[in-house]
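Working notes for the structure below.
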Amino acid sequence: MAPHEIRRPFKRRPISDQQKRRELSLLRQSQHRSDAQQRARNLASSVISLQSSSPDVDPEILFEAVPELDEGTESESSSFDVRQASRLRGPEARKWFARQLMLPEWMIDVPDNLSRDWYVLARPAGKRCFVVSSDGTTVSRVRNGSILHHFPSALPGGARKKGASGPANSYSILDCIFHESDQTYYVIDMVCWRGYSLYECTAEFRFFWLQSKLAETGACDPPSFYHKFRFSAVPFFNCDQSGLHSAYTGSLPYVKDGLLFYNKHAHYHTGNTPLVLIWKDESCSQYVIDTDNNGEVPDQQHIVLELQEEGKLVTSDDPPVPFSCLNADFVKQSGLLSGSLIRFAIGDGGLNCVDGRFEKADLQYIGVSNRARAFADSYSKIMFQYMARHSPLKVEDLASTISHENQQDKTPEVEMSD
Amino acid sequence: MAMEVTQLLINAQSIDGTVRKHAEESLKQFQEQNLAGFLLSLAGELANDDKPVDSRKLAGLVLKNALDAKEQHRKYELVQRWLALDMSTKSQIRAFLLKTLSSPVPDVRSTASQVIAKVAGIELPQKQWPELIVSLLSNIHQLPAHVKQATLETLGYLCEEVSPDVVEQEHVNKILTAVVQGMNAAEGNNDVRLAATRALYMALGFAQANFNNDMERDYIMRVVCEATLSPEVKIRQAAFECLVSIASTYYEKLAHYIQDIFNITAKAVREDDESVALQAIEFWSSICDEEIDILEEYGGEFAGDSDVPCFYFTKQALPGLVPLLLETLLKQEEDQDLDEGAWNIAMAGGTCLGLVAKAVGDDIVPHVMPFIEEKISKPDWREREAATYAFGSILEGPSADRLMAIVNAALTFMLNALTNDPSNHVKDTTAWTLGRIFEFLHGSTIETPIITQANCQQIITVLIQTMKDAPNVAEKACGALYFLAQGYEDIGPNSPLTPYFQEIIQSLLSVAHREDATESRLRTAAYEALNEVVRCSTDETSTMVLQLVPVIMLELHNTLEGEKLSMDEREKQNELQGLLCGCLQVIIQKLGSEPTKYMFMQSADQMMGLFLRVFGCRSATAHEEAMLAIGALAYAAGPDFAKYMPEFYKYLEMGLQNFEEYQVCAVTVGVVGDICRALEDKVLPYCDGIMTQLLKDLSSNQLHRSVKPPIFSCFGDIALAIGEDFEKYLRYSMPMLQSAAELSAHSSGADDEMTEYTNSLRNGILEAYSGIFQGFKNSPKTQLLIPFAPHILQFLDSIYMEKDMDEVVMKTAIGVLGDLADTLGSHVGGLIQQSVSSKEFLNECLSSDDHTIKEAAEWAKHAITRAISV
């Protein structure tokens with residue numbers, strides 16, 4: 001039996017460059033394999049079908065508008081995804097993106113089970129926008145679909161940076177609020193991440209994903225050459241007493257504009273949804289009551305309604321809530337077209353409600369609304385604004401609902417002694 | 001049945017080639033025609049004290065080779081043949097072997113020991129030869145010392161050959177008792193004591209229960225420590241070997257003995273023979289290895305979850321240990337840097353010092369600094385070199401904060417020494433130390449940079465100058481440049497190296513062309529540094545990297561023109577081809593994407609032509625490198641790669657057939673995947689050939705098992721590329737996947753290595769299923785897959801129940817569940833709902849901390865919801 005060799009590597013790297021090349025190759029191959037898998041899976045699940053989200057636009061027409069679409073999209077032509085949408089230009093793009101945001105209803109009464117089923121978060125003041133990173137660039141679009149910024153970012157696929165992780169065609173979509181004073185995109189929801197759709201996921205999962213994924217990319221780092229704006233995830237809380245308190249009074253790096261309530265089980269639903277609610281009062285928002293173009297609160301409440309056939313005036317809800325009717329002659333005289341958005345003031349007669357349902361309104365015609373607007377007001381917005389002027393829903397109401405819920409929860413646990 | 005083989009065995013060692021060859025042929029014929037007779041004759045020859053020593057020794061050797069082989073499949077064959085022999089032959093052979101242990105000839109006894117161990121290695125797991133251990137132990141009490149010695153040696157080999165779980169604890173206890181008694185100082189015969197000490201080294205793995213028992217452990221440790229003081233140097237060395245092995249096997253049992261062991265090792269390092277001193281140093285290196293591992297686990301994700309606690313032996317020993325190691329650094333050999341095979345006490349001591357630094361971190365610095373400061377400027381080169389080596393050794397371990405000031409102060413000194421020190425040895429170590437500085441204290445994670453605008457120019461100038469020094473020094477300078485470049489890996493668009501880029505590249509190429517570049521692996525180091533400089537380069541310098549393409553291609557071309565080379569020259573030529581192909585591979589990955597892709601692809605045809613010629617040279621290393629480069633090229637070229645396929649295909653096939661050099665085969669399998677993704681359905685015409693070859697590979701028991709999992713993954717790549725056209729391969733691939741799945745479903749009771757392999761196999765199988773399902777999606781032929789669904793679901797269920805899959809398998813497995821639901825939809829809704837995978841497993845994945853698993857699980861959940869809602 002010979003003695004045992006104990007020579008250790010001396011003045012040498014533990015791994016040869018050849019071994020490094022081999023390992024890098026294996027890594028590259030397994031990355032490409034999983035990209036290919038991911039692509040195959042996404043063809044079915046991750047696309048945002050244009051048909052289902054906006055039945056009034058024919059995808060074929062959109063395709064004609066963008067002749068530079070390459071043949072690689074052949075297999076995807078039956079559905080329409082955001083990468084294709086990002087190639088849309090001008091009005092088509094605006095129209096498409098305008099319909100992609102989930103829009104909260106205004107809180108006109110307190111939902112059941114707030115503390116069990118809802119999250120609360122303080123909405124940052126600023127422009128709500130849809131941020132899409134794809135093909136090495138990032139584009140943010142405000143609610144009406146027009147572009148706010150076009151910039152490189154550390155989001156997946158968000159910059160033309162070599163060696164960036166992830167597949168070349170990976171893209172992400174974030175629901176954000178751009179906060180001017182610190183030039184930061186505050187992310188309130190995550191819609192797609194690395195080509196993976198979160199539309200069908202619950203808010204609970206989306207929020208978890210958002211909190212865990214965003215920081216990994218370096219998107220929360222300070223701005224740099226490849227990353228023009230900082231991103232930051234908005235903190236969210238369970239809507240119990242302490243969560244509500246934190247969101248309402250807690251100090252945050254941004255200026256607050258009301259509170260957002262998300263139902264934990266809700267999927268990302270484009271357009272208005274009662275499963276996300278916005279609520280404001282003076283102490284958590286500068287803009288409780290709508291201002292006019294000059295930034296001043298008008299004496300009377302202004303609302304915008306959409307004109308339909310036969311002079312019907314409706315809200316932007318789905319289905320629309322009819323509010324009033326314009327005289328056919330008046331419509332003809334003023335040259336108003338069906339589909340126009342028209343501004344009214346609410347007169348002294350106010351809004352009449354019966355059993356909590358809207359019955360009749362005293363409307364005074366002002367004129368055609370600002371062209372930048374894409375939608376009429378929603379029913380809940382009109383009601384919330386009206387209540388804010390007359391009998392607002394207070395934070396105490398929210399708090400007392402929560403404490404009432406807690407007591408109810410506890411009751412069954414009490415054992416009767418006799 | 002036995003035959004006279006003496007003459008044949010003597011002839012087989014003849015200096016006359018014809019005689020030798022004839023004898024070898026005859027032996028082989030005998031073995032093939034009558035194995036039992038052949039083995040019996042050999043055993044008889046070995047046992048017969050009247051026969052010449054040479055024929056007996058060779059008889060034993062041939063017998064041993066008939067029982068064991070390096071290649072797994074060959075070994076398996078030999079074992080089966082031995083087990084199939086009739087019992088009477090085997091009994092006779094065993095008797096001959098045991099008898100040989102009493103032979104007066106030492107070499108013959110030793111050969112017999114090894115053969116007995118081989119037979120035991122086959123038979124004990126089969127519960128055969130149950131009386132072997134008992135009869136060996138009875139030998140221990142025999143009077144003649146040489147029998148005792150041979151028996152102990154046999155027990156040692158037996159422990160090396162046999163796994164502890166096939167020997168009963170009662171026998172283990174008896175073996176250890178016999179061995180430790182043999183080691184005892186009371187044993188008067190040195191040969192016996194040495195054999196016993198070496199046997200203990202082998203038997204330590206069997207002593208788990210005994211080390212758990214305080215009394216028995218104390219006894220073993222006392223005897224081992226006493227043996228380190230034996231007057232016989234070989235016994236001391238063997239005893240220290242035992243301590244080294246104990247350090248790693250029974251680290252957690254050492255607290256009681258560590259002070260004594262420190263004293264023993266310190267004495268040995270200072271006073272004993274180098275062979276003993278090296279082992280004594282190795283003891284501390286092993287302790288450091290253990291503590292580094294434990295502390296790494298402490299710092300890992302599961303804090304404090306290590307099985308073994310850290311006893312901080314190294315930290316406690318610091319005040320004594322560090323001075324001890326520093327002393328060894330002064331015992332350098334004159335030309336150790338020129339001799340690849342050198343290993344001496346100074347090298348071992350420095351290496352151990354580096355490990356101590358890793359184990360204790362900041363604490364080592366004050367123990368080493370006075371030594372460095374005192375000696376770094378001494379007139380004796382030994383002192384300067386030792387000081388520099390000590391400095392270089394402690395750069396990995398302590399925090400950057402602790403080292404930064406010292407390193408900044410030392411940097412100018414180092415650069416100066418590199419230029420002006422008269423000693424080659426000092427310059428070698430200085431250049432190496434600079435490399436260590438850049439490796440550990442330079443890069444984006446370090447807050448205050450070592451390399452600044454002020455000193456960058458000087459550093460690069462000195463390194464480039466040093467590359468013209470002696471080959472061993474130049475090699476270290478290339479290494480330093482490697483890490484200098486690596487530190488700028490993620491620097492962003494503007495690299496501080498940009499102004500020097502051209503000069504660096506030129507210098508590295510000149511180094512590679514030096515006449516003495518094959519010494520001290522200088523040429524390899526130069527190309528490795530070049531690769532790293534290219535890898536870490538930015539867009540600013542991409543034109544210069546583009547200019548490098550024709551240069552490297554021309555060099556590769558020149559290596560292919562060489563005529564009539566000697567063996568040695570050819571070997572060097574092949575090595576160079578490998579380096580150049582590796583370099584091109586790095587360049588392809590750098591330039592093969594936008595915005596340089598278009599310019600780069602102009603050279604693709606020519607480059608591909610060169611790679612194909614490299615395949616003609618039949619060198620495994622060059623072949624592997626060229627293949628890897630082609631994989632990268634295929635990815636860059638995309639569907640355009642189709643034009644190279646007609647010519648390339650035969651080499652692809654050759655690579656897939658290369659069982660012997662399995663690395664080549666493995667790399668080629670990976671490249672098939674690259675090509676599938678590049679060509680997509682255009683790969684179809686080549687698939688018959690590729691699939692045939694892959695199926696052959698899978699059926700072969702000669703191919704190294706590590707290649708099999710990637711082959712399964714490759715099935716998935718092919719299916720994903722050609723979609724429903726994979727139909728014709730289903731009848732071959734599915735049964736293979738199915739039987740592999742059954743094999744890999746259970747790995748219970750296996751060791752870590754086996755579990756790891758099982759998991760890689762599962763991953764390959766699952767990737768194949770994923771690719772096949774996704775490939776068939778939306779095809780009218782989807783229904784062809786329905787019959788396989790029950791088995792696949794069962795496979796998923798069983799690996800879930802087994803509870804030993806790793807994260808990678810978990811992610812792939814849950815993905816397959818989704819793919820199955822996605823592709824087969826409502827056809828399998830019921831089946832899916834019945835599976836455990838769709839409930840517990842899915843839920844477990846949904847709540848996983850690993851985001852990729854969660855991601856795959858969310859996908860699977862959607863697919864299942866769709867499948868069962870239709």
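Computed from heavy atoms alone, side chains included, the values below leave out hydrogens, waters and symmetry copies. Just so it is clear, the structure is predicted and the values come from calculations on it, not from any experiment.
- The number of heavy atoms from other shown groups lying within 6.0 Å of NZ (A:Lys11) is above 12.
- Interface remark: B:Lys811 contributes side-chain atoms only to the contact with chain A (heavy atom separation under 4.5 Å).
- Neither the backbone nor the side chain of B:Lys861 comes within less than 4.5 Å of any heavy atom in chain A.
- In this structure, chain A has no heavy atom under 4.5 Å from any part of B:Thr433.
- How far CG of B:Leu628 is from CG of A:Leu26: 8.0 Å, rounded to the nearest 0.5 Å.
- Contacts between B:Val586 and chain A at a heavy-atom distance below 4.5 Å involve the side chain alone, from C-beta outward.
- Using cut-offs of 30° and 60° for the angle between ring planes, the A:Phe10 and B:Trp343 rings count as perpendicular.
- Comparing B:Arg521, B:Glu160, B:Gln114 by how many heavy-atom pairs each has under 4.5 Å with chain A, the most go to B:Arg521.
- Looking at B:Ser713, the atoms closer than 4.5 Å to chain A (heavy atoms on both sides) sit in the backbone and in the side chain alike.
- Enclosure of atom NZ in A:Lys264 by more than 12 non-hydrogen atoms of other residues, nucleotides or ligands within 6.0 angstrom is indicated.
- Interface remark: of the candidates B:Glu855, B:Arg436, B:Glu489, B:Glu855 forms the most heavy-atom pairs closer than 4.5 Å to chain A.
- For A:Leu198, no part sits under 4.5 Å from any heavy atom of chain B, backbone or side chain.
- Side chains of B:Asp717 and A:Gln29 form no contact here, defined as non-hydrogen atoms less than 4.5 Å apart.
- Heavy-atom distances place no part of B:Asp490 under 4.5 Å from chain A, backbone and side chain included.
- For B:Tyr389, the part lying near chain A is the side chain, with the backbone staying farther off; criterion is any non-hydrogen pair under 4.5 Å.
- Between A:Lys20 and B:Arg535, some side-chain heavy-atom pair lies under the 4.5 Å cut-off.
- Between B:Gly631 and A:Arg28, the shortest heavy-atom distance links the atoms C-NH2, 3.6 Å.
- Using a 4.5 Å heavy-atom cutoff, the side chains of A:Arg8 and B:Leu355 are in contact.
- The two atoms that bring B:Gly582 and A:Arg21 nearest to each other are CA-NE, 3.4 Å, heavy atoms only.
- A cation-pi contact, defined as under 6.0 Å to the ring centre and within 45° of the axis, is absent between B:Lys854 and A:Phe205.
- With respect to chain A, the highest number of heavy-atom pairs below 4.5 Å among B:Ala238, B:Gly673, B:Ala632 belongs to B:Ala632.
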Could you walk me through whether B:Glu767 and A:Ser34 pass the side-chain contact (heavy atoms from CB on, under 4.5 Å) test, one step at a time?
CA-CA 9 Å; B:Glu767 285 188 331; A:Ser34 96; over 6 Å; no
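- Most heavy-atom pairs under 4.5 Å with chain A: of the set B:Gly818, B:Ala342, B:Ser275, this distinction falls to B:Ala342.
- Taking the side chain as every heavy atom from C-beta outward, B:Leu720 and A:Arg33 never approach each other to under 4.5 Å.
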